[in-house]
Each structure stands twice: as C-alpha cells, then as structure tokens.
Amino acid sequence: MLCQSEIYAYLCQRNHNHPNMDKDLDISILNAYAGTVPPKKKRALQSLFHKMRTLQSMEEIKEFFNRSGVTIRDQYPLMLMHLERITSSEFYSQATAYLASLRTLMEQAADERRRYFGGLCSDGMTSGDVQRRNGPLATFRLTNEGHAAGQPAWRMFMQALTGRYIDASDLDGYRALLGLSDTPLASPLPFFGSNQQLMLLFSSLCGTLVYDVPMPLEGVAAGRWHAVPFIAMDGSRGFKATERGGTPSPHQPRIADPYCQLLSAALLDRNRQPLTPRSLTSAKNLLGNPSKGISLDKARPLLAALIALGALARQ
C-alpha cells in the first residue's frame, strides 16, 4: 500500500500541467491541519504553504522562513503540512528533526516567560498577579455528570476545541486539567481564544453560567442556557458530592471565583503570557453584559461544543 507522501508525489506528477488540481491538494492538506484556525490566520498559512511547494531541502526551507519573516510558532504547522509533500526519506528525516527542534524552542521560551513573570509576581508587581509554583499544578475532577457524559462525548468535545482554541500537542495536558486522566499537569497550557471565551468554556463546565441566546445559531437554539456542572475543584462542594455519590444543593454554585485562581496557574493566554485571577474574574463578569460581552459569533463555536457534550441545557 502506498504511503501518503507516495500518493501525493504520484498525484503531483500526474497533474503537473494542471495547477488548479495541485492547489486543491494543498487546500485539502491545509484543511486537515488548520481547518479550525481563524480565517485571517488560515489565509496567511495558505499563502506561505503554497509558496513552499517547490522547496526540496531544509536549507531552502530555512532560507524561505528567514526571507519571509515566518515566526517559530508558524513554522511548526507549516512544517507539519509540508511533510505530506516530501518523497525523499532523507529529507523527511531532516524535516522531522527540525520539527522536534521547533517544539523544544517553543517549550524553552514558555519556561523563560514563566520564570520572568513569576519573578515579577514574587517581588509584588501587582496584587492581581500570583506567584507560580513549581511541580504539578492543581487540576479539576469530573463530577457525577462529567463521568456520565462518557469518553466518546468528551473526545468529540476535545476535537471541537482543537486547532481553534487549543493546540493538538496540548491535548494530553487539557485532559489532565479537566480530570479526564490521572496524569499530573506539569506546566501551564496556552489557550488561543480570548479571556471571555476561556471563561465561557470553564464557567459552563463548572456549572456557574447562565447564557441568553436571543436568536438561533448554527448548532445553538435560541433561549436561556443553564450550565450543568461537569468538573469541580478538589475540596469543593461539587467534588465532595461525587465522593459521596450525592447531589449538591441546586441553589448554590458548586464553584465560585476560586476556580479562576486554578485557571490562572494552569493556563497561559493566546500570546503565551501568564493570566491573573483578576483578569479572568473580570472576563467572566463581562459575559452577561450585552454591550461589553463577546459577540454571539465568537461565542457560538464554544456554545455548540458545550451543548453537544451536554454541559449546557436549555430551560
């Protein structure tokens, strides 16, 4: 059976005189790796990816990246996609080694940012910042409802977030954060949406969100949506209830603002910068403000994913 690169080489040779068909192949690969990124970013990646089609060595690729000013963070998905074009085993080996080096560089940079901003916090930079500790970070645990949702539903939910809000390489970390695995969370994870989108996601999963949708959207019916608590913090009312097999009082939230502290330690913003509990609490409070909250267009993908999981119920 032919591997993907051999199929791609065959099709490219067959369609040598049909550039539109080659372009369709490029778009297919792009959609597979970057189908859920924001449109502006996707267009930029598409342009760069198309220009890379004639590059046949790592020297040419590095020269192209330098000449075009491509950031390390953008080089990573471009190299992943370009692998699908490579027919030489030697070139393929060099490209995968370069991919590994890019990942190491990004991880080292994230570590340095954490050390720098952690140092500022320890010196008392602002009252809204918190010092980040070394070692495993605190994570959530599944509630009874979270367990009842089942692993297939959780997998589909994580897939809906991947690409647009979280990187595929961070899936294991997010599973640890949500309590879907017992693996310790060793370092903060980046979230590529806005702070309000982050709080829409986690205030829903924690069972504290009530969200009004005035008009029907794709995958989201109009009406008032109430969160069903799927995750809880260790020691919280929601988690203690899962240990007893009971149900907390519906008149009190399972988790209040302390979960913003957990999230600020466990996550980084879209620029891989530290978050603070104050910024997340502020973002959560803005969600219900029609004039300052995020638009329905920006909320819709998350609402649709949460509804499909069962973490939002219309009342």
Side-chain angles (χ1 to χ4, degrees), residues 2-88 91-103 105-106 109 158-171 190-194 197 217-219 269-272 294-295 297-302 304-305:
L2 294 175
C3 67
Q4 275 188 308
S5 58
E6 290 172 327
I7 294 172
Y8 185 88
Y10 166 75
L11 291 173
C12 286
Q13 180 64 36
R14 188 189 70 178
N15 301 324
H16 181 70
N17 295 322
H18 301 278
N20 287 337
M21 296 185 72
D22 286 345
K23 186 175 181 180
D24 288 342
L25 290 172
D26 282 355
I27 292 174
S28 177
I29 293 173
L30 182 77
N31 287 337
Y33 284 94
T36 58
V37 301
K40 185 176 180 180
K41 169 62 74 172
K42 185 174 179 179
R43 287 193 295 270
L45 288 175
Q46 181 176 355
S47 175
L48 290 167
F49 182 52
H50 183 70
K51 292 175 182 177
M52 289 175 63
R53 65 170 19 262
T54 60
L55 305 181
Q56 298 295 323
S57 69
M58 281 310 307
E59 289 74 16
E60 292 180 353
I61 287 177
K62 291 177 182 178
E63 182 182 355
F64 170 77
F65 285 157
N66 289 332
R67 186 174 65 251
S68 303
V70 182
T71 65
I72 296 296
R73 184 170 166 181
D74 284 345
Q75 287 183 33
Y76 192 82
L78 287 169
M79 285 302 303
L80 276 174
M81 293 188 290
H82 195 68
L83 282 175
E84 304 290 351
R85 294 170 167 158
I86 297 175
T87 58
S88 164
F91 184 15
Y92 196 93
S93 177
Q94 293 171 352
T96 52
Y98 186 66
L99 265 172
S101 70
L102 290 177
R103 181 173 176 80
L105 286 173
M106 289 189 290
M158 299 301 290
Q159 289 172 4
L161 302 182
T162 303
R164 185 188 294 266
Y165 304 107
I166 66 178
D167 191 87
S169 61
D170 293 322
L171 274 173
F191 182 81
F192 298 122
S194 68
Q197 288 172 318
L217 308 168
E218 182 183 352
D269 70 13
R270 66 175 75 184
N271 297 314
R272 296 179 183 267
I294 57 174
S295 66
D297 180 59
K298 291 183 178 179
R300 188 206 64 78
L302 285 170

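Just so you know, these numbers come straight off a predicted model, no measurement behind them. Residues take their numbers from the sequence shown, with the count starting at 1.
Not a single donor-acceptor pair under 3.5 Å links the side chain of Ser47 to the backbone N or O of Ala44.
Residue Arg73 holds its CZ atom at 4.0 Å from CZ of Phe192, rounded to the nearest 0.5 Å. Once rounded to the nearest 0.5 Å, the distance linking CZ of Phe64 with CD of Gln75 reads 10.0 Å. Taken from OG1 in Thr54 to CZ in Arg85, the straight-line distance is 8.5 Å, to the nearest 0.5 Å. Rounding to the nearest 0.5 Å gives a distance of 11.5 Å between CE of Met79 and CD1 of Ile72. Atom CZ of Phe91 sits about 8.5 Å away from atom CG of Leu83, to the nearest 0.5 Å. We find the NZ-CZ distance between Lys51 and Arg67 to be 9.0 Å, quoted to the nearest 0.5 Å.
Nearest heavy atoms, Met58 versus Ala95: SD-CA, 3.8 Å. The two residues Asp167 and Thr162 have their closest heavy-atom pair at C-CG2, 4.5 Å. The two residues His82 and Leu55 come nearest to each other via the heavy atoms NE2-O, 3.3 Å. Nearest heavy-atom pair across Leu45 and Asp74 is CD2-O, 4.3 Å.
Counting only heavy atoms from C-beta outward, the side chains of Ser194 and Lys298 never approach each other to under 4.5 Å. At least one side-chain heavy atom of Asp170 sits under 4.5 Å from a side-chain heavy atom of Pro190. The shortest distance between side-chain heavy atoms of Phe191 and Ile166 falls below 4.5 Å.
With hydrogens and angles left out, the side-chain atoms of Asp297 and Ser295 include no donor and acceptor closer than 3.5 Å.
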